[in-house]
Amino acid sequence: MADIHINHTRTEGTILTGSRKGDGVYEIVKDHTFRSSRHVSGLYIRGSRNKESSWRINAAATALREAGHTVRVEIDDEETRSFAEIEAEAEARADERAERAADRAGRALSSADARRATADQISKRFEFGQPILVGHHSEGKARRDAARIDSHMRKSFEERDRAGYWANRADAAESYAAHRKDPFVTLRRLERLRADLRALERQQAESAERGWEPGERTTRRVRELTEEIAGWEELVERAVADGVKVWGPDDFAPGDYVRYTNSYFQVARVNPKSLSIAWNLRLAPKQVMTLEDATLGDGEVWTHIADYTKVQWRCPEAAMAAWLADGKVPGRKLAGEASEAAPAATVREAQAAAKKVKPKRRADPKIPKKIRVECRWNSTEATLTWLNGRGQPHKDHPAVTLTAPEGTKYIDSVWSKVLGVQIGEVLAAAGYAHGRGGWSGGPGSGLTGSVVPIPKQKPEVADKQPAPGPAIEERPAGEPPVAEVGEGQVPVDVPPVAPVTEAPTSTPEGVAAEEKSPLTRDSSGSTRNHAGPSGVVHSDYPLQAAPLKESAMTATKTPTAAAAPAKAPTKKATKPTKVREAAAVEAKVKADTQKVIPIDRIDRDPAQPREHFDTEKLAELAGSMRELGQLQPISVRYDTGTRRYTIIMGERRWRAAKAAGLTEMTAVVQHNAVAGSRELLARQVAENVGRADMTAMEEAKSFKALENSGYTVEEIGRMCGKSPAYVGWRIDLLKLCGSAQEALAKGHLGLNLAWYAAQLSQANQVRFLSKYSQGAFNSDRDAEAFVKACRAEEQQREAQGSFFVLADETESKKGDTQEALYGPSEASNEERERVASERAALTKKIERLSTAGEILAELATADPEELALLLAGAAGGVAVHTKRMEHLRKLTGQAISNLTKAQAIASVRAGAIEINPDAVADAA
């Protein structure tokens, strides 16, 4: 039996000595977390340095004694080291680990490179694609060499994987010190250490109250934690002195925006250790998340916790609102400047001053606060009890006994549907409704829920002075003047709204979408609203119209009956002053209004980006509007010169309404829209771009119009939700000649091929289209390669001072076109001889591929079972030969691609005419 010595010190940790290999000691103590290492002289417990001795020492000693070994245990927990010494030693060990890992990674990488070089050296004796010659005298050596190649390649891959592993270990060890001293990581570490210290201090206080002496281990641990916390706090103070910003509750006010995880979130509450930020997972990721985005229908706000140590920067609420109004999101510099201009302390003071001290509202004791419903299973009666704020029966409201309808029972006790309907009727009759929150309890104790009184509606009082009318358009000639509208009357030019019978409380989806956000445009699929999800999507471009507050009006299919003459108002209105009249006129000019307009007074905009409309989809929309009417208003502007309306957005609905026979349409009149302005054009383009039925040429013309208006390509892309590259590609299509644009519009020319063709000159575009229409190319890929080669030749000839023009297709160009690649003055005799020599060598190499083709044909027609039988015993098996074929296929694909390009270049040069400007000038 062995004489075992277990020693524990703070410096060395727990180490077991006296054991030898094969004596059975390791098998016993490994269950007590003892491990072995070449760097430690004995068995050790991992992570035992600089810590108190573990109970595992006594457990291991007991197990060894039971096995018959002699065990001696020495523990020294008194000798401790300072926090600075412990951290310095940890960093030194990390540096040693980094060096060892880097050395191992280097050796593994060198071994991998050597293995690969050896495999490459062996493979040089094989011709490319040469198979093993079965029955030949070289068969044995070839198989051995193939096996050696496979072995070296496999070991090379393994060594490279080992090199990557040790390289990662080295990087982790090198970043140990930086991570350990990171101020934000340190702040989170301090939170944990302070919590541990408070727990130990509470334990000491409880021991003192009971008259117990504090334990030595607890006292030492408190001393060590206090020293460690002081050391980390000193590190944080040095970081702050060096300019690191440590965020806290004093740096924020409710309503501010915090940069957190690379997005802005509005602050709902400022807590001592964290921020409660607006959070809506359905909208994430979003650049700016506001409290409005996180507010539910019942007013509840979803929030998420943001740790101060992960905060990036702050932006005041007012500054963020101004930037969002301009369609911008501030960066670190702008947000920092705004934060300095409006500190959180100033914002909190302003918020405190703005708060009005409200008198404390006391609950009315006469109003019940809750109800309790009691009902047994399969019972015919139930009891509803009104409760006060203390949960006791209300003295002014007696209990109500509910009886099940004749022939039925409350089968599900308090959860019966019939009982629920009766409870609702009783509450409504008493003037109450179910409050927020769910029900609590069950059949045994009864079901309890809160109730609130239904607020009484106050009668509407007519204003002393009538509000100014919403529209200021001039009355067209020939129309009778509109009389003043008195109480209870309907304006003459507005048809009455038909009552909705199916869902009286619902709101038209188009209006709901407009009220939700001012940045709206129609979806690409359809512009009409359905009974299902809304067909309106939202754009982030800030040039959209302001939200509408009026409800949408349903268009009628028949002319509205002439209204009776308006009666004079019963009470004479006060005559407004000039100041009031001017203010009313200004408000009318700025506000967007909604009204019903005769369809024959609406014209299309000649500058409308869309020119073509799908007749089938237009007929579908017309049929829908014929049955349901107009569900979403269009946007128009009023022209004072012609006294007519011009469509801004909604021409498709206007066309469908005319086809459906509608005589009037509901429209939003945008008074601020200026004809021909770039803002109006931007709104029209942003509303139409992206629709499925908008052609590429329409998009190109729209983008070009915006570019001519002063917008950059980047700004156009942001407005329309497209990338700058997409916008640039579309604008390049305008370089196409007329016939090419017509071919693209009809679908005879692909979009990608059209873009490549647009890079050619106008003359070469026409000639290329002639070849393309005659079927000169096997596929669009061949045509694309031809166009690329043609463009490269154009650029080369332009650099040489000549023009490159494709020749027309004639009989004289047919034949051996390879001899026409060089003109009479393009190459010297030496160059021609070199080309002829290399051509002969290359063609001989290509002819040698016929042998490889025969081998591939044999493999293609061979029986798979026979192949498996023959190749399974070869070096590497079937897998090695499959990899070799995959490599050959990859090289074959690359060779075919190069030959396709070469064919395109040869066709371009052989079928071209070179025009030298100097020669033309001399001849003239």
Side-chain angles (χ1 to χ4, degrees), residues 175 178-179 181-191 235-296 301-351 517 519 538-542 714-715 717-718 721 723:
S175 60
H179 176 78
K181 294 181 179 180
D182 184 270
F184 301 108
V185 176
T186 302
L187 287 172
R188 294 192 289 271
R189 186 184 302 117
L190 282 172
E191 290 294 331
L235 186 146
V236 173
E237 292 174 358
R238 289 199 302 268
V240 172
D242 293 338
V244 177
K245 175 62 179 176
V246 177
W247 299 94
D250 296 335
D251 299 317
F252 293 94
D256 287 344
Y257 287 83
V258 58
R259 185 73 172 182
Y260 179 78
T261 62
N262 297 324
S263 296
Y264 279 104
F265 297 90
Q266 194 168 11
V267 177
R269 291 182 300 276
V270 180
N271 309 315
K273 296 183 179 180
S274 62
L275 294 172
S276 296
I277 58 176
W279 183 255
N280 190 342
L281 189 60
R282 298 174 182 174
L283 301 180
K286 190 177 182 183
Q287 279 189 311
V288 181
M289 184 79 71
T290 64
L291 291 174
E292 183 180 359
D293 296 332
T295 304
L296 303 181
V301 180
W302 282 348
T303 59
H304 184 70
I305 295 176
D307 194 339
Y308 286 120
T309 59
K310 298 180 181 179
V311 168
Q312 295 173 277
W313 62 80
R314 164 187 176 263
C315 181
E317 181 181 10
M320 179 62 75
W323 275 310
L324 291 180
D326 294 338
K328 301 178 182 178
V329 177
R332 179 188 291 271
K333 182 178 179 181
L334 293 177
E337 294 174 355
S339 182
E340 293 178 359
T346 305
V347 175
R348 286 195 299 269
E349 292 176 0
Q351 292 175 349
S517 172
L519 312 175
H538 304 281
S539 169
D540 291 334
Y541 182 56
E714 289 76 13
E715 292 174 341
R718 287 195 298 269
S723 64

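- A side-chain donor-acceptor contact under 3.5 Å links R348 to the backbone of F252.
- Take W247 and apply the side chain to side chain donor-acceptor pair (under 3.5 Å) test, not counting sequence neighbours, and it matches no residue.
- Here the closest heavy-atom approach between residue A268 and residue T303 is recorded as CB-CG2, 4.0 Å.
- Contact of the P330 side chain with the Y257 side chain is not registered, since no non-hydrogen atoms from C-beta on lie closer than 4.5 Å.
- Rounding to the nearest 0.5 Å gives a distance of 10.0 Å between OH of Y260 and CD of Q312.
- Here S175 pairs with nothing under the side chain to side chain contact (heavy atoms under 4.5 Å, CB included) rule; sequence neighbours left out.
- Residue pairs satisfying the salt bridge (Lys or Arg N to Asp or Glu O under 4.0 Å) criterion with at least one member in residues 335-345, sequence neighbours excluded, are absent.
- For D182, the salt bridge (charged side-chain N to carboxylate O under 4.0 Å, His left out) criterion is met by no residue, not counting sequence neighbours.
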Indicate every side-chain donor-acceptor pair of residues 270-280 with a distance under 3.5 Å to a residue at least two apart or in another chain.
from : atom 1 : to   : atom 2 : distance (Å)
N271 : ND2    : S274 : O      : 3.4
N271 : ND2    : S276 : OG     : 3.0
S276 : OG     : R269 : NH2    : 3.4
N280 : OD1    : R282 : N      : 3.1
N280 : ND2    : D293 : O      : 2.8

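- Rounded to the nearest 0.5 angstrom, L281 CG and K286 NZ are separated by 13.5 Å.
- Residues in residues 303-312 take part in no salt bridge (Lys or Arg N to Asp or Glu O under 4.0 Å) pair, two or more places apart or across chains.
- One distance of note links CD of Q351 with CD of E317; it measures 7.5 Å at 0.5 Å rounding.
- W313 and Y264 have perpendicular rings, their planes meeting at more than 60° on a 0 to 90° scale where under 30° would count as parallel.
- Taking the side chain to side chain contact (heavy atoms under 4.5 Å, CB included) definition, one finds that D242 meets it with nothing, sequence neighbours left out.
- Judged purely by atom type and a 3.5 angstrom limit, D251 uses its side chain to pair as donor or acceptor with the backbone of G248.
- Taking R238 as the reference, E234 meet the salt bridge (charged side-chain N to carboxylate O under 4.0 Å, His left out) condition, with sequence neighbours excluded.
- A 4.5 Å side-chain heavy-atom check between Y308 and L187 finds every atom pair outside the cut-off.
- The backbone N or O of V329 lies less than 3.5 Å from no partner atom in the side chain of Q287, so there is not a single donor-acceptor pair.
- Taking the side chain to side chain contact (heavy atoms under 4.5 Å, CB included) definition, one finds that E237 meets it with nothing, sequence neighbours left out.
- Considering all non-hydrogen atoms of both residues, P316 and D256 come closest at CA-OD1, 3.8 Å.
- Scanning for side chain to side chain contact (heavy atoms under 4.5 Å, CB included) contacts around E349 gives an empty result, with sequence neighbours left out.
- Here R188 pairs with T309 under the side chain to side chain donor-acceptor pair (under 3.5 Å) rule; sequence neighbours left out.
- With hydrogens and angles disregarded, no donor-acceptor distance shorter than 3.5 Å links the side chain of S339 to the backbone of A335.
- Environment of CD1 in I305: sparse, with no more than 12 heavy atoms of neighbouring residues, nucleotides or ligands closer than 6.0 Å.
- Listed by chain and number, the residues in a side chain to side chain donor-acceptor pair (under 3.5 Å) with K328 amount to none (sequence neighbours excluded).
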